Amino acid sequence: MLTPFVPSHTYFRRFAFPRPLHVLDSIFYLQTSVFNLVPRHDTSEKNTFQTNPSESNTEQPPPFSSLKEWKSWVWFPEQAPLANIKPMNSPDGPVFDPTFAWLNTDRALHFDGELKGQVVVLDFWTYCCINCIHILPDLSYLEKKYASEPVTFIGVHSAKFSNEANRETIRAAILRYEIHHPVIVDENMKLWRAFRVRSWPTVVVIGPTGAIVTAFAGEGNRDALDEAIGQALAQGRSLGTLAAGPLKLRREGNVRGASGLAFPGKVLADAATKRLFIADSNHYRIVIAEFPDADGRAKVVNVIGSGACGADDAPADRATFNHPQGLALGRDNLYVADTENHLIRRIELRSGDVRTVVGTGKMTYDFSGGGMGVDQGINSPWDLVLEGSTLYVAMAGQHQIWRVDLPVGFARALAGTGRENIVDGPTETSAFSQPSGICALDGKLYVADSEVSAIRCIDMATERVTTILGEGLFSFGDVDGVFPQAKLQHPLGVAGWGKLVLVADTYNHKIKAIDPATRAARTLYGTGKPGASTADGGVEFFEPGGLSVAGDFVFVADTNNHRIVRVNLKTHQWHEIILEGLARPRFAHHGAMMEHVATGAIASIDADGIAANDLEDASPDWIIDVEPVAVTAQGEVTVSIDPFIPRDAHLSADAPWSIRVSNGQSTIAQHTGKSDRLPLSIRIPANSLHPPQEITVSANLAYCTAGVASVCVPRFITFRVPLKPGAQTKIDLKEPLA
């Protein structure tokens with residue numbers, strides 16, 4: 001067995017390789033898999049990769065004959081010591097460009113202003129990166145530990161993919177990953193270059209005087225980062241340079257969906273039993289419903305999970321998950337990729353009981369496996385597919401495909417060495433890059449290999465890996481056609497339909513069809529930009545994450561729109577699924593923060609028009625009673641909602657809004673949209689209103705303040721509307737000012 005080189009610098013931690021590897025494999029592993037390092041040729045500030053999706057960079061590192069050659073390729077601290085850097089060419093220490101956009105905060109921050117005297121922790125990240133996701137719990141832990149101290153955490157979002165450079169997609173990622181600190185949009189990676197960053201993630205600690213204290217690249221540095229923050233605080237106190245206390249900042253709130261879902265990651269439609277299974281990822285639960293009817297209504301039959309974040313094996317109402325993703329059905333059991341718990345769970349569908357079948361609950365770096373069940377550690381399982389009694393796992397966290405023999409619980413690596421790359425050939429020497437979707441079709445496994453924007457194929461008969469589409473870590477785009485011209489951008493989901501593989505082309509906001517035989521790709525649905533529906537009634541998506549096919553219907557987990565969409569692949573008709581009977585969970589937050597119950601009062605608004613408590617879902621609904629409306633019984637009725645928005649604010653164009661119209665326990669209509677203008681509207685068949693009766697109209701939206709550092713605040717409002725027979729074809733609902 002080869003002993004890996006372990007540097008003594010604090011940038012690195014010790015890892016043991018589980019099986020013999022070639023020297024080059026070990027080097028690549030350290031270079032790309034552990035720290036996601038970006039290769040370079042020199043020590044200049046020139047960025048070494050493109051963010052233009054029309055361009056391609058498939059350059060591979062050269063063979064290394066020595067450790068010295070490898071160190072000249074990747075960045076080492078001694079080559080560019082951060083402590084000696086004056087970012088942005090400032091003689092006085094770091095500064096932030098005043099043109100930078102700030103998210104998740106109500107104002108921009110500056111080192112010569114509010115940050116003076118603060119210990120500042122900068123997290124350089126990009127939201128596609130699994131390594132960046134892995135350190136978020138560490139940052140959250142430290143934020144809580146130092147909540148009463150003058151320590152400010154700031155995310156610096158330096159995008160890899162072009163889609164990640166948009167404020168609306170970054171804003172959605174901040175909410176999806178439950179980030180509690182401000183985030184700077186690092187336009188054109190200006191801060192990345194100024195700080196000589198070479199990998200995602202990199203965390204930089206800056207002392208109270210603006211001097212850079214230290215930096216850490218990669219995962220697993222919580223204790224070292226904790227120690228560095230503590231030392232910076234102690235030194236600041238001894239020198240009298242420390243601020244009196246922490247900054248008071250407001251963060252943005254999340255707009256809840258009318259569907260009752262929050263960032264659903266994956267969906268599974270089972271035609272045999274006519275059931276729909278949904279990973280309600282940010283509600284930490286699994287929703288089970290009947291197949292939707294012709295109008296898209298689906299009755300919820302069970303909810304597995306209390307809505308609290310955790311890893312409890314228990315009956316349905318007490319079991320807990322942590323951002324579950326992939327689902328696989330086998331007889332009376334549903335298997336769940338419990339991604340951020342690093343577990344695979346089994347739900348016994350008859351009883352609703354949840355049990356862990358694979359994983360220790362801790363992220364591990366075992367690249368071969370061979371353990372049994374709960375004794376075998378795994379790393380961020382993202383998707384599942386079941387063939388017979390074998391469960392195949394897209395193991396995003398360690399860039400591999402695993403297999404689990406369910407009768408005995410034996411779990412081992414099937415394909416991929418663990419180094420992050422795109423390499424075809426025998427399964428044991430192949431390489432993947434954050435595989436996030438998997439499906440089985442005609443004796444083959446198809447994989448959405450997200451970080452290389454590729455679709456990969458594992459032939460189970462020959463045990464070889466081939467690439468259908470995709471060329472490398474920085475080759476991506478939105479191009480239909482035949483390989484190599486065809487391009488995807490960070491796909492997360494795949495599903496078989498006939499001889500085709502359907503793809504959730506996530507960062508292109510599209511559903512595409514790929515013919516594995518010809519290696520051709522074509523767009524089926526979506527416009528290429530975030531949305532909910534087009535002006536002419538076509539379907540749009542906002543970073544769809546999962547697909548499932550049942551007959552000629554494809555079900556889409558439209559993640560950032562908080563909804564499930566069903567599309568008829570033959571007629572192209574589509575419906576937003578209405579989940580009848582789905583209530584939001586009692587717990588709305590990571591850490592089991594209880595949701596406030598609607599009381600009929602509106603959240604207090606301060607002088608600047610910002611909600612006094614802008615945590616997600618913390619403000620109660622304002623229920624408004626209106627005068628009876630005489631509506632027609634023929635044609636359509638348009639319901640228009642004009643909510644109050646404070647001065648110097650506007651409807652958020654980044655977040656989806658949604659409307660739900662109901663009558664008692666039954667939902668009449670539901671609609672999701674994206675717009676920057678009021679009023680909001682929904683059209684309803686008049687014969688579904690049946691006056692006289694009383695309907696409730698609930699709207700979920702966000703408004704944003706003006707300026708570079710605008711903050712977005714959620715609003716939830718409900719109208720009670722009595723109906724009577726008449727001739728009106730429009731119901732106008734306007735929120736009073738007082």
Side-chain angles (χ1 to χ4, degrees), residues 13-16 18 34 130-142 144 177-178 219-223 226 265-266 279-286 304-328 333-348 352-384 391 393-400 402-406 408-413 418 434 436 587 589-592:
R13 57 184 291 211
R14 185 178 298 275
F15 289 92
V34 180
I130 191 68
N131 309 85
C132 301
I133 296 170
H134 283 166
I135 73 163
L136 290 177
D138 294 344
L139 296 179
S140 179
Y141 167 85
L142 294 170
K144 292 174 183 175
Y177 292 120
E178 296 164 337
E219 309 169 20
N221 296 306
R222 189 180 85 175
D223 292 342
D226 190 0
K266 300 291 185 182
D280 192 7
S281 303
N282 278 49
H283 284 153
Y284 321 118
R285 64 182 183 177
I286 306 301
I304 312 297
S306 68
C309 180
D312 299 311
D313 285 346
D317 60 341
R318 292 187 283 114
T320 55
F321 299 87
N322 189 352
H323 295 89
Q325 290 283 339
L327 307 168
N333 294 314
L334 181 73
Y335 296 90
V336 180
D338 195 3
T339 303
E340 295 194 24
N341 275 328
H342 312 289
L343 298 173
I344 295 172
R345 317 288 291 281
R346 181 185 67 224
I347 301 172
E348 296 176 358
D353 289 348
V354 177
R355 293 289 180 268
T356 298
V357 294
V358 179
T360 64
K362 295 182 179 180
M363 182 173 61
T364 59
Y365 289 94
D366 181 347
F367 290 88
S368 60
M372 303 293 287
V374 296
D375 295 325
Q376 176 61 59
I378 57 177
N379 188 333
S380 296
W382 208 279
D383 202 10
L384 308 173
L391 186 69
V393 185
M395 202 73 74
Q398 54 198 53
H399 315 295
Q400 292 180 304
W402 277 49
R403 61 175 292 165
V404 180
D405 297 320
L406 292 174
V408 295
F410 180 70
R412 66 177 178 85
Q434 206 169 306
S436 302
F587 302 102
H589 270 291
H590 202 82

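This is a predicted model, so every value here is computed, not measured.
Among all heavy-atom pairs drawn from G326 and L384, the shortest one is O-CD1, 3.7 Å. Across all their heavy atoms, T364 and I378 have their closest contact at OG1-N, 3.2 Å. Summarising the geometry of A413 relative to Q400, their closest heavy-atom pair is CB-NE2, 3.8 Å, with the distance given to 0.1 Å. Scanning both residues, A337 and P381, for their nearest heavy atoms gives CB-O, 3.5 Å.
Between atom CG of residue N322 and atom CG of residue N282 there is a gap of 9.5 Å, rounded to the nearest 0.5 Å. In this structure, SG in C309 is found 7.5 Å from CD in E340, a value given to the nearest 0.5 Å. Interatomic distance, Y177 OH to I133 CD1, rounded to the nearest 0.5 Å: 3.0 Å. Atom CG of residue N379 and atom NE2 of residue H399 lie 8.0 Å apart, to the nearest 0.5 angstrom. Note that CZ of R222 and CG of D138 are 5.5 Å apart. Values are rounded to the nearest 0.5 Å. Taken to the nearest 0.5 Å, the NE2 atom of H283 stands 10.5 Å off from the NE2 atom of H323.
Two residues are said to be in side-chain contact when any heavy atoms from C-beta on lie closer than 4.5 Å; I347 and N333 fail this criterion. Looking at V358 and W402, their side chains never come closer than 4.5 Å, going by heavy atoms from C-beta outward. The shortest distance between side-chain heavy atoms of Y284 and T320 does not fall below 4.5 Å. In this structure, W382 and I130 have side chains that are in contact, with non-hydrogen atoms separated by less than 4.5 Å. Looking only at side-chain heavy atoms (C-beta outward), H342 and S380 come within less than 4.5 Å of each other.
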For L406 and Y335: C-alpha separation, side-chain torsions, deciding distance, then whether side-chain contact (heavy atoms from CB on, under 4.5 Å) applies.
CA-CA 10 Å; L406 292 174; Y335 296 90; 3.6 Å; yes

Could you walk me through whether V336 and I286 satisfy the side-chain contact (heavy atoms from CB on, under 4.5 Å) test, starting with their C-alpha distance in whole Å, then the side-chain angles of each, then the deciding distance to 0.1 Å, before giving a yes or no?
CA-CA 9 Å; V336 180; I286 306 301; 4.0 Å; yes

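For the side-chain contact (heavy atoms from CB on, under 4.5 Å) with F410, the lone residue among Q376, M372, R403 that qualifies is M372.
By the salt bridge (charged side-chain N to carboxylate O under 4.0 Å, His left out) test, D353 pairs with no residue at all, sequence neighbours left out. For the side chain to side chain donor-acceptor pair (under 3.5 Å) test, no residue two or more places apart in sequence or in another chain qualifies with T339. D383 is linked by a side-chain contact (heavy atoms from CB on, under 4.5 Å) to K266, A394, I438, counting only residues two or more places apart in sequence or in another chain. D313 pairs by the side-chain contact (heavy atoms from CB on, under 4.5 Å) definition with R345, V354, R355, T356, not counting sequence neighbours. Every residue two or more places apart in sequence or in another chain that forms a side-chain contact (heavy atoms from CB on, under 4.5 Å) with D317 is listed here: P315. Among residues two or more places apart in sequence or in another chain, the side-chain contact (heavy atoms from CB on, under 4.5 Å) test is passed with S281 by A279, Q325.
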